[in-house]
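Heads up, the thing below is written out as structure tokens.
Reminder, nothing fancy here: chain letters follow the sequence lines and each chain counts from 1.
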There are 2 protein chains.
Amino acid sequence: MRKNPIVQRETLGAAVLQIRSGRATSRTTLAKALGISPSTTGLYVDHLIAEKYLNESGLNQGPMGRPRRILSTQAGAGWFAGVEFNAHRIQAVGVDFSGSLKETVELLLPADVMAEQVIKSILACVAKLAETMQGPLLSVGLGAPGLVDAQAGVGIYYAFIPDWKLVPLVEVIGSRLKVPVILQNNLRAIALAERWFGIGHELSDYVILGPRSGFGIAMVQDGRVIEGAHHAAGEVGRWPWPLMNTAGGGQELHHALSAPATWRRLAGVGEQNNLPEDLREGLAAVADSSGPEWDAVCADYARVIGLLHMIIDTGVFILHGPLTMLGERFCHSITDTACALMPALRDAGLKVVPSTLGDNAGALGAASQAMEAWAPA
Amino acid sequence: MRKNPIVQRETLGAAVLQIRSGRATSRTTLAKALGISPSTTGLYVDHLIAEKYLNESGLNQGPMGRPRRILSTQAGAGWFAGVEFNAHRIQAVGVDFSGSLKETVELLLPADVMAEQVIKSILACVAKLAETMQGPLLSVGLGAPGLVDAQAGVGIYYAFIPDWKLVPLVEVIGSRLKVPVILQNNLRAIALAERWFGIGHELSDYVILGPRSGFGIAMVQDGRVIEGAHHAAGEVGRWPWPLMNTAGGGQELHHALSAPATWRRLAGVGEQNNLPEDLREGLAAVADSSGPEWDAVCADYARVIGLLHMIIDTGVFILHGPLTMLGERFCHSITDTACALMPALRDAGLKVVPSTLGDNAGALGAASQAMEAWAPA
DNA sequence: GGCTTTTTATTCGAATGCGAAAAAATCCCA
DNA sequence: TGGGATTTTTTCGCATTCGAATAAAAAGCC
């Protein structure tokens with residue numbers, strides 16, 4: 001047995017991430033992925049195996065040479081909680097140490113809920129998850145709506161919870177649960193969810209389109225989520241729309257491209273009519289429609305996406321939220337319309353795809369953060 | 001004398017950068033800036049002084065305690081070349097080891113110049129600089145127009161030099177000059193110039209507005225220049241404009257907001273008329289104008305900047321190029337118009353300022369890159 | 001089956017970087 | 001004038017990390 005040095009916590013965490021994600025499977029590949037020497041990597045892996053975070057699960061014979069000793073995460077070593085919320089509901093997921101989704105909890109919030117009750121409900125959701133998850137809770141990720149200061153761990157502002165101003169979420173939740181807590185804006189959390197659970201796992205540049213009650217985006221550039229100088233990157237919902245409205249004080253993009261607005265436009269229904277009971281079903285019902293309403297909606301989306309693409313030159317736009325019910329046809333329509341309106345896009349590889357993640361993408365993203373932030377004690 | 005370990009090149013380079021920029025002035029502050037221990041920092045500094053890259057230039061007494069031994073870069077230790085070019089001219093600057101601009105060279109290129117002659121001319125400019133700069137040439141930064149793959153060191157495409165396709169600039173120039181060569185797009189180079197020589201030296205988030213013969217931007221987020229997945233981030237010139245032109249195939253932003261177009265609009269002169277001999281003078285002449293033309297130009301700029309601001313949530317927009325001749329009044333007009341058109345911007349701290357750097361900002365930026373990339377042998 | 005080739009993992013001495021403590025340089029105040 | 005107080009710099013022992021060599025494990029090849 002080798003001597004057991006006091007290794008660096010964060011490097012241990014990074015090693016676990018590489019193994020969990022499958023980017024590294026053996027000591028040698030892990031050494032390359034972490035950028036440290038094979039000898040040191042061996043020491044780290046020994047430590048992690050001794051602490052029951054990793055195990056060796058067989059051999060992998062290459063075309064020649066000594067076979068790799070496959071490293072895996074020990075599923076039962078503990079679990080991560082991911083919680084996302086808005087003014088209406090809380091979604092929480094439990095993810096085991098191997099990164100597999102194991103449990104989901106949803107909780108509806110009453111109208112006019114206040115910050116304190118939201119926090120209590122978050123804690124209740126985590127407690128509910130704890131009943132069935134095995135091992136200790138290792139860390140908690142939160143996806144909060146509105147403006148979020150991820151570094152400070154503070155929810156700055158959210159319009160739909162009356163007293164949601166400068167809520168020190170990380171501090172409050174962390175002091176109750178006694179585990180590390182990571183906070184991020186919910187759309188940016190979804191971006192992380194795509195990296196771990198969706199199609200973003202091999203992409204380093206993509207954009208999340210998140211039309212729900214409003215319209216916002218999250219951008220990933222070179223593997224990094226863009227925050228903005230005031231934590232407001234991607235808050236395009238307040239773009240004036242149509243854009244050339246000179247007067248000012250006109251409509252905003254929120255109004256034109258939110259999920260309810262999109263349904264109303266596609267269904268040909270005015271603002272006075274009620275929304276369908278289940279908006280996703282309503283959208284699915286109009287997914288095959290066509291005609292000028294369809295074209296107009298696609299043209300609006302196409303313009304927004306085209307502008308965005310030329311600014312940040314991303315690879316892929318991933319559509320999230322209820323509008324995924326409109327399916328691939330909608331995404332193709334947007335792409336085609338955009339290329340027709342802006343010929344420059346034709347060569348630029350513009351691509352819009354619906355997310356394969358479901359309604360709990362935000363909670364999954366929050367859990368992803370928890371995983372990324374964790375490191376052994 | 002302490003023993004002299006074989007230190008890491010890149011840490012030596014980083015140390016010199018910190019001293020040169022003034023972010024660190026003594027051994028202790030340097031240790032903090034580099035994130036390494038004071039003891040190790042002492043060894044590094046000793047090495048750099050022994051190699052004549054740094055020197056001690058006196059003491060700095062704080063309010064109490066042992067005074068700091070002030071570290072400075074040795075101006076004569078060598079020099080950096082920064083070269084920027086387009087289809088019309090080459091600008092080159094020589095910067096000494098302390099980061100001071102010492103020499104400038106400009107060379108006009110003939111019409112229909114080809115790639116080979118551009119490369120020859122770049123080498124000629126560097127040779128010219130070498131005549132007066134003292135010490136050895138340490139590295140060369142290049143700012144190239146069009147699409148640029150900075151990592152690969154290749155100029156991908158530029159419309160105004162006929163055979164400018166996949167030009168391996170770094171390889172070609174590097175093999176001639178036998179020093180490291182760094183390449184970047186010229187607008188993104190300007191972003192670096194602002195960091196070293198302009199108002200960006202304490203900003204981590206800003207945007208360069210570069211209206212010249214076209215319109216493009218460069219974005220700095222959290223201290224990093226954004227490249228884009230296909231090296232085309234900020235290429236907004238091909239936005240359709242006015243935006244709501246449904247037909248497609250209309251005008252582009254290039255046409256509306258380029259420097260010549262702006263002059264024509266402000267001067268009330270049609271496309272058939274010639275441009276003034278000196279566009280900067282022409283623009284200075286209309287800087288005090290007002291009326292509907294002025295308002296329309298400002299409104300266009302305001303819209304573009306407003307949209308950009310809400311996407312990337314930057315701190316400051318820095319105006320570059322000939323339009324700086326329009327002065328602060330123009331920038332204020334843009335800001336005011338934008339806030340009037342998009343009320344959301346009022347709280348977001350939108351700010352547009354003219355650059356204090358002159359016409360050679362691109363070359364300065366290229367030199368900045370050279371400085372940032374250099375490390376002792 | 002033994003030999004070479006290839007790839008992965010481990011051993012072991014060397015050395016780089018760190019932490020704690022000491023030294024140095026100055027100010028403040030009695 | 002001399003003893004804290006304070007801050008910067010250096011010394012010194014120690015230990016983590018590295019590199020090179022070695023061992024290990026398998027395939028291919030005659």
>> Using the salt bridge (Lys or Arg N to Asp or Glu O under 4.0 Å) criterion, which residues pair with B:E171? Sequence neighbours excluded.
In response: none

> Nearest to the side chain of B:S39, which nucleotide is it out of C:dC18, D:dT9, C:dT10?
Replying inline: C:dC18

> What residues form a salt bridge (Lys or Arg N to Asp or Glu O under 4.0 Å) with A:R68, not counting sequence neighbours?
Replying inline: none

> Between A:E372 and A:R195, is a salt bridge (Lys or Arg N to Asp or Glu O under 4.0 Å) present by the stated rule, with each step listed?
Replying inline: CA-CA 11 Å; A:E372 292 197 7; A:R195 173 144 79 203; 3.5 Å; yes

> Tell me: OH of A:Y44 to C1' of D:dC18, nearest whole Å?
Replying inline: 12 Å

> Of all residues at least two apart in sequence or in a different chain, which pass the salt bridge (Lys or Arg N to Asp or Glu O under 4.0 Å) check with A:E194?
Replying inline: none

> Side chain of B:M64: nearest nucleotide among D:dT10, D:dA5, C:dG17?
Replying inline: D:dA5

> How close or far is atom C1' of C:dG17 from atom CZ of B:R9, stated in whole angstroms?
Replying inline: 20 Å

>> Taking side chain to side chain contact (heavy atoms under 4.5 Å, CB included) as the definition, give me every residue that meets it alongside B:R69, ordered by chain and number, with sequence neighbours left out.
In response: B:R27, B:E56, B:L59, B:R66

> To the nearest Å, how far apart are A:L43 CG and D:dT16 C1'?
Replying inline: 9 Å

> Is the distance from OP1 or OP2 of D:dT7 to the nearest side-chain N or O of B:T28 less than 4.0 Å?
Replying inline: no

> Atom CD in A:Q74, atom CD1 in A:I49: separation rounded to 0.5 Å?
Replying inline: 9.5 Å

> Taking for each residue the nucleotide of DNA chain D with the nearest heavy atom, is it A:T11 or A:P63 whose nucleotide lies nearer the 5' end?
Replying inline: A:T11

> How is A:T41 classified with respect to the nucleic acid when contacts are heavy atoms under 4.0 Å: base, sugar-phosphate, or nothing?
Replying inline: nothing

> Of all of residues 52-60 of chain B, which get a heavy atom below 4.0 angstrom from DNA chain C, listed by number?
Replying inline: B:L59

>> Pair A:Q221, B:E227 - check side chain to side chain donor-acceptor pair (under 3.5 Å), show working.
In response: CA-CA 9 Å; A:Q221 275 276 348; B:E227 276 259 348; over 6 Å; no

>> Donor-acceptor check, side chain of A:R9 to backbone of A:P376, threshold 3.5 angstrom: yes or no?
In response: yes

> When you check the phosphate oxygens OP1 and OP2 of C:dT8, does a side-chain N or O of A:Q61 lie under 4.0 Å from one of them?
Replying inline: no

> Which word best sums up how the rings of A:F80 and A:F97 line up, parallel for under 30°, tilted for 30 to 60°, or perpendicular for over 60°?
Replying inline: parallel

> Closer to the 5' end of DNA chain D via nearest nucleotide, is it B:S26 or A:Q8?
Replying inline: B:S26

> Any donor-acceptor pair under 3.5 Å joining the side chain of A:R66 to the base of C:dT8?
Replying inline: yes

> Tell me, which of residues 67-74 of chain A have any heavy atom that sits under 4.0 Å from an atom in DNA chain C?
Replying inline: A:P67, A:R68, A:R69

> Does the side chain of B:T40 get closer than 4.0 angstrom to OP1 or OP2 of C:dC18 through an N or O atom?
Replying inline: yes

>> With a 4.0 Å cutoff (strictly under), does any side-chain N or O of B:S37 reach OP1 or OP2 of C:dG17?
In response: no

> How many Å lie between CD1 on A:I36 and P on C:dT10, as a whole number?
Replying inline: 14 Å

> Within this structure, what is the CG-to-C1' distance between A:D46 and C:dA9, rounded to whole angstrom?
Replying inline: 10 Å

> How about A:V170 and A:V154: do any of their side-chain heavy atoms sit closer than 4.5 Å?
Replying inline: no

> For B:R27 and C:dA24, what is the distance between atoms CZ and P respectively, to the nearest whole Å?
Replying inline: 15 Å

